[in-house]
Amino acid sequence: ETGVTQSPTHLIKTRGQQVTLRCSSQSGHNTVSWYQQALGQGPQFIFQYYREEENGRGNFPPRFSGLQFPNYSSELNVNALELDDSALYLCASSAGSMGEKLFFGSGTQLSVL
Amino acid sequence: AQSVTQLDSQVPVFEEAPVELRCNYSSSVSVYLFWYVQYPNQGLQLLLKYLSGSTLVKGINGFEAEFNKSQTSFHLRKPSVHISDTAEYFCAVREGGFKTIFGAGTRLFVKA
């Protein structure tokens, strides 16, 4: 079975730009969640998608948005990038919206200059 | 509201010595508890989880953790560490909903 894959692995943007990060979930998983991990911190929950619907959101502004597609892959979009958005963005998939075990991708390292 | 406190930001230890990484959580309801490990430039990997039942949970790579409800703790232990255990360890809590809350992490550094 294939694991969780994220693209790109690294990205450099300038303040004010928009970015799209992509995630392919593990085979058989219908739930994807996104996390932001700042340097030296634990992952912070952004939101979760279950069967193409957002069913939970953390304390992030509306310029953080997402999509989940029929094949359960997902995108994270961030508009009007700020310097503080620089972080490792992790995607995790699980089986079911209450599935307790998260399978993580290796992340996308975003640098905002 | 849920929160997770990892009491040590860094733990240096010699190879083959025992180690304990401490974690306390706060929650008003029953929770699921987890420990994840993150190696450099990688995502997080589940070490072990507590959902219910026995309070002593065994995980991969020889790690185990004990759930203590009265002390709201979930400390991670290993009786003998290896160089390859050097990594960042995250304690996490989930109240049964969709949101998993992570601690700030503990950097385990195993010295030869």
Side-chain angles (χ1 to χ4, degrees), chain A residues 2-10 21 23-26 29-51 53-60 66 68 87-109, chain B residues 1-10 21-25 27 29-53 57 59-60 67 74 76 87-109:
Chain A
T2 57
V4 178
T5 58
Q6 293 186 241
S7 63
T9 55
H10 294 82
L21 310 181
C23 172
S24 294
S25 60
Q26 183 157 315
H29 288 180
N30 57 15
T31 301
V32 172
S33 51
W34 285 91
Y35 288 80
Q36 180 195 66
Q37 186 179 15
L39 190 64
Q41 301 294 318
Q44 300 292 314
F45 176 76
I46 302 175
F47 43 56
Q48 176 175 287
Y49 279 82
Y50 172 64
R51 294 185 175 179
E53 297 286 333
E54 183 183 300
N55 73 338
R57 189 176 184 92
N59 189 26
F60 280 81
Q68 188 180 31
L88 179 68
Y89 288 85
L90 295 166
C91 168
S93 73
S94 58
S97 64
M98 304 291 282
E100 59 277 354
K101 180 176 179 180
L102 299 175
F103 292 79
F104 283 86
S106 297
T108 294
Q109 184 66 54
Chain B
Q2 303 169 34
S3 68
V4 178
T5 302
Q6 292 186 239
L7 298 165
D8 307 292
S9 59
Q10 295 185 63
L21 307 184
R22 298 179 294 166
C23 172
N24 286 96
Y25 68 94
S27 175
V29 297
S30 298
V31 297
Y32 302 146
L33 295 160
F34 308 85
W35 277 97
Y36 285 84
V37 60
Q38 186 177 33
Y39 298 102
N41 303 314
Q42 294 188 26
L44 280 70
Q45 177 185 359
L46 182 69
L47 274 179
L48 48 79
K49 61 183 178 182
Y50 172 79
L51 304 181
S52 64
V57 180
I60 63 172
F67 170 58
F74 191 55
L76 180 70
E88 190 86 20
Y89 291 80
F90 294 94
C91 181
V93 62
R94 185 180 181 117
E95 274 185 359
F98 50 81
K99 187 175 179 179
T100 299
I101 305 297
F102 288 85
T106 296
R107 174 79 177 159
L108 175 63
F109 178 59

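What's counted below: heavy atoms across the whole structure, side chains too, no hydrogens, waters or symmetry copies. Numbered from 1 within each chain, the chains take letters A, B, ... in sequence-line order. Small disclaimer: the values here were computed from a predicted structure and weren't measured.
Contacts of B:Leu51 with chain A are made by side-chain atoms alone, with heavy-atom separations under 4.5 Å and no backbone atom involved. Proximity to chain A (any heavy atom under 4.5 Å) is restricted, for B:Gln38, to the side chain, taken from C-beta onward. Heavy atoms closer than 4.5 Å to chain A are found in both the backbone and the side chain of B:Leu44.
Formation of a donor-acceptor pair under 3.5 Å by the A:Tyr35 side chain with backbone atoms of B:Phe102 is not found in this model.
Here B:Thr100 contributes atom OG1 and A:Phe45 contributes atom CZ; the two are 8.0 Å apart, rounded to the nearest 0.5 Å. A distance of 6.5 Å separates NZ in B:Lys49 from NZ in A:Lys101, rounded to the nearest 0.5 Å. The structure places CG of A:Leu102 at 6.0 Å from CZ of B:Arg94, a figure rounded to the nearest 0.5 Å. B:Gln42 contributes atom CD, which lies 11.5 Å from atom CG of A:Leu90 (distance to the nearest 0.5 angstrom).
Shown here is A:Leu39, whose CG atom has no more than 12 heavy atoms of other residues, nucleotides or ligands within 6.0 Å.
Between B:Phe90 and A:Gln37, the shortest heavy-atom contact is CZ-NE2, 3.2 Å.
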